[in-house]
Amino acid sequence: MQLEIRPDPAEVGRARRWARSRLSGLGIGADEPLAETLVLLVSELVTNAVVHTGRPAVLRLSLPGRTPGTAADTAADAAGPAGATGPVASATVRLEVTDTSSRAPVPRCAGGDATGGRGLALVDCLADRWGWHSEGSGKSIWCELDRCSQSREGAALAYGGGLSAYEDFAFEAV
């Protein structure tokens, strides 16, 4: 499933609503930690794409039991949440945001009072896996969440509540 994102900060809210509707259609409740974490990650990655590139982007969400780009995937997108086949007990949800900027994510030092600069540090703390790769003339930043994973205390680390793997560095996707 994918959603085209315009280079407008208002698109971040639309991306969150879209992701929530796709999750609920597969039986992943809005109050499940997986859903809450995924929506936060959508917000962070789409914000990075919109704010730091000023270009359109594409948000892709690969849900349990679905292969992106298949006829079933396209039909379910057209039908909306009701087109889903039902809940899946354990699987991996993959989120990917692709933009046309070729600039790689770079470390950025975010002080304790900074109002930004922690997006990818937050992704690092909350996702089971994440990374990025060049795609065409741009790049794609992705993360994965395993539905069966234990909840983490990673958000506290990303916001300065403890030691992170990146010490005083946060990451900015540009």
Side-chain angles (χ1 to χ4, degrees), residues 1-6 11-53 56-99 105 118-135 138-159 164-166 170-171 173:
M1 294 181 278
Q2 69 180 35
L3 177 68
E4 293 185 20
I5 305 292
R6 295 181 312 269
E11 290 287 88
V12 177
R14 186 170 76 95
R16 286 191 300 261
R17 289 187 299 278
W18 178 84
R20 276 189 200 101
S21 73
R22 296 309 183 259
L23 292 173
S24 67
L26 287 173
I28 299 173
D31 59 345
E32 280 188 49
L34 173 75
E36 294 170 352
T37 301
L38 185 77
V39 170
L40 177 58
L41 293 171
V42 164
S43 189
E44 290 297 332
L45 293 182
V46 171
T47 296
N48 280 348
V50 169
V51 170
H52 297 297
T53 72
V58 175
L59 167 61
R60 290 186 189 97
L61 191 57
S62 300
L63 298 169
R66 306 267 302 274
T67 304
T70 64
D73 189 56
T74 304
D77 279 350
T85 59
V88 176
S90 66
T92 296
V93 179
R94 182 179 174 101
L95 161 65
E96 191 168 356
V97 177
T98 303
D99 61 53
R118 292 177 179 83
L120 286 182
L122 186 62
V123 171
D124 181 61
C125 291
L126 294 176
D128 290 300
R129 291 163 297 285
W130 78 276
W132 74 277
H133 59 270
S134 295
E135 185 165 308
K139 69 175 167 312
S140 183
I141 299 177
W142 60 270
C143 63
E144 294 178 340
L145 294 170
D146 297 330
R147 189 163 188 193
C148 58
S149 289
Q150 300 296 317
S151 62
R152 308 165 181 66
E153 298 174 13
L157 295 177
Y159 282 101
S164 80
Y166 297 104
F171 288 82

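Basis for what follows: all heavy atoms, side chains included, without hydrogens, waters or symmetry-related copies. A quick note: this is a predicted structure, and the numbers were derived from the prediction, not measured.
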Member of L59, L3, T47, T37 meeting the side chain to side chain contact (heavy atoms under 4.5 Å, CB included) criterion with V42: L59
Heavy atoms, side chains only, cut-off 4.5 Å: are [X] and [Y] in contact?
X: I28; Y: R22; result: no
X: L61; Y: W18; result: yes
X: L120; Y: N48; result: yes
X: Q2; Y: T98; result: no
X: I5; Y: V97; result: no

By side chain to side chain donor-acceptor pair (under 3.5 Å), R20 pairs with (sequence neighbours left out) none
So, taking the atom named CG in L40 and the one named CG in L122, what distance separates them when rounded to the nearest 0.5 Å? 5.0 Å
Separation of L41 CG from L95 CG (nearest 0.5 Å): 6.5 Å
May I ask you to decide if A49's main-chain N or O and D99's side chain share a donor-acceptor pair within less than 3.5 Å? no
Got a donor-acceptor contact below 3.5 angstrom from the E11 side chain to the R6 backbone? yes
Run R129 and T92 through side chain to side chain contact (heavy atoms under 4.5 Å, CB included) and show every step you take. CA-CA 10 Å; R129 291 163 297 285; T92 296; 3.7 Å; yes
So which atom in W142 and which in H133 form the shortest heavy-atom distance, rounded to 0.1 Å? CD1-ND1, 3.9 Å
We want to know whether S140 and E96 form a side-chain donor-acceptor pair, criterion being a heavy-atom distance below 3.5 angstrom. yes
